[in-house]
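Sequential numbering from 1 along the given sequence is applied to the chain's residues.
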Amino acid sequence: MAIYTKVFETKAEHSAHAVGSGNLNVLSTPMLTAFIENAAFTFAQENLDDSKTTVGSEIALQHLVPSSIGQDVTVAIIALKEEGHKYDFRLEAFCGGALIAKGVHTRVRVNKDSFMEKLRESL
């Protein structure tokens, strides 16, 4: 049972052909990955104050079956383990009721200002 779901409308710019990951007009794995990461980010952000955010640190995805451009993709978070600043998500993606992908994604909670300051210092 999902603890959170988010629906994404697939468009031409999400195709493998458009993003350069293939030459077919089907939902690309990079865009499916982005949908999954966005769902996890959005869910985590709901419980954080404005000074905090999460950043992706790891993702593993099995893209099981193709889906057509124009179809909605529903991403479901089916499990979350929170440990310290780390969030480990288990997610599934569906198109027309069929499971099209499953994976795991880790995000880390950070202070926005501190994170950006460390980036500036490293340049």
Side-chain angles (χ1 to χ4, degrees):
M1 174 158 231
I3 58 176
Y4 178 83
T5 61
K6 186 169 181 179
V7 178
F8 297 87
E9 177 186 355
T10 62
K11 301 177 182 176
E13 61 262 25
H14 301 135
S15 73
H17 178 73
V19 302
S21 66
N23 59 7
L24 298 175
N25 286 313
V26 296
L27 177 61
S28 69
T29 301
M31 291 310 303
L32 180 56
T33 302
F35 293 165
I36 284 174
E37 187 167 17
N38 180 266
F41 161 75
T42 302
F43 177 76
Q45 201 65 35
E46 288 180 353
N47 297 309
L48 298 177
D49 66 51
D50 289 342
S51 69
K52 304 271 193 295
T53 193
T54 60
V55 294
S57 64
E58 186 175 353
I59 194 161
L61 179 68
Q62 293 177 304
H63 194 166
L64 303 169
V65 296
S67 51
S68 299
I69 297 301
Q71 293 183 290
D72 286 347
V73 171
T74 301
V75 174
I77 297 171
I78 57 172
L80 169 64
K81 178 183 170 192
E82 186 177 349
E83 191 173 310
H85 295 284
K86 189 170 105 172
Y87 300 84
D88 290 314
F89 295 91
R90 279 194 7 200
L91 304 104
E92 295 177 338
F94 300 87
C95 189
L99 178 67
I100 64 167
K102 59 184 177 178
V104 293
H105 177 44
T106 300
R107 299 191 68 78
V108 178
R109 185 176 63 242
V110 298
N111 176 284
K112 291 178 186 179
D113 292 338
S114 298
F115 187 85
M116 294 307 292
E117 182 60 31
K118 287 178 186 175
L119 174 62
R120 284 188 288 278
E121 290 172 359
S122 71
L123 297 178

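Between the CG atom in Asn25 and the NE2 atom in His14 there is a gap of 13.0 Å [rounded to 0.5 Å]. Distance check: Ile78 CD1 to Glu92 CD gives 3.5 Å after rounding to the nearest 0.5 Å. Here the CG-CD distance, from Asn47 to Glu82, works out to 8.5 Å after rounding to the nearest 0.5 Å. We find the OG1-CD1 distance between Thr106 and Ile59 to be 9.0 Å, quoted to the nearest 0.5 Å. Note that the CZ atom of Phe115 and the OG1 atom of Thr53 stand 9.0 Å from one another [nearest 0.5 Å]. Summarising the geometry, atom CG belonging to Asp113 is positioned 9.5 Å from atom NZ belonging to Lys52; distances are rounded to the nearest 0.5 Å.
Closest of all the heavy-atom pairs between Ser67 and Ile100 is OG-CD1, 3.9 Å. Of all heavy-atom pairs between Ala18 and Ala12, the closest is CB-O, 3.4 Å. Annotation for Ala101 and Leu61: closest pair CB-CD1, 3.9 Å, computed over non-hydrogen atoms. Here the closest heavy-atom approach between residue Pro30 and residue Val19 is recorded as CG-CG2, 4.4 Å. Looking at every heavy atom in both residues, Asp72 comes nearest to Cys95 through O-SG, 3.5 Å. When all heavy atoms are compared, the tightest approach of Ala44 to Thr54 is CB-CG2, 3.9 Å.
Taking the side chain as every heavy atom from C-beta outward, Leu80 and Phe43 approach each other to under 4.5 Å. The side-chain heavy atoms of Phe94 and Thr5, taken from C-beta on, include no pair separated by under 4.5 Å. Looking at Leu91 and Ile77, their side chains come closer than 4.5 Å, going by heavy atoms from C-beta outward. By the 4.5 Å heavy-atom criterion applied to side chains, Asn38 and Phe8 are counted as neighbours. For the pair Phe89 and Ile36, the minimum side-chain heavy-atom distance is 4.5 Å or more.
Ser15 places no side-chain N or O within donor-acceptor distance of the main-chain N or O of Leu27, the cut-off being under 3.5 Å. Between the side chain of Lys112 and the main chain of Asp50, a donor-acceptor pair closer than 3.5 Å is present. The backbone N or O of Ala39 lies less than 3.5 Å from no partner atom in the side chain of Thr42, so there is not a single donor-acceptor pair.
Within 6.0 Å of NZ in Lys118 there are 12 or fewer heavy atoms belonging to other residues, nucleotides or ligands. More than 12 non-hydrogen atoms from other residues, nucleotides or ligands lie less than 6.0 angstrom from NE2 of His63. Few gaps surround NZ on Lys6; more than 12 heavy atoms of other groups in view lie less than 6.0 Å from it. Heavy atoms of other residues, nucleotides or ligands lying less than 6.0 angstrom from CZ of Arg109 number more than 12.
The residue from Glu83, Glu58, Glu37 that alone fulfils the salt bridge (charged side-chain N to carboxylate O under 4.0 Å, His left out) condition with Arg107 is Glu37.
Residues Met116 and Val108 share a hydrophobic cluster, clusters being chains of Ile/Leu/Val/Met/Phe/Trp/Tyr side chains in contact below 4.5 Å. When hydrophobic clusters are built by joining Ile, Leu, Val, Met, Phe, Trp and Tyr residues whose side-chain heavy atoms come closer than 4.5 Å, directly or via intermediates, Leu48 is not grouped with Phe41. By the criterion of side-chain heavy atoms lying less than 4.5 angstrom apart, applied directly or through intervening Ile, Leu, Val, Met, Phe, Trp or Tyr residues, Tyr4 is grouped together with Tyr87 in one hydrophobic cluster.
Checked for salt-bridge contact, Glu117 and Arg120 meet the test: a charged N lies under 4.0 Å from a carboxylate O.
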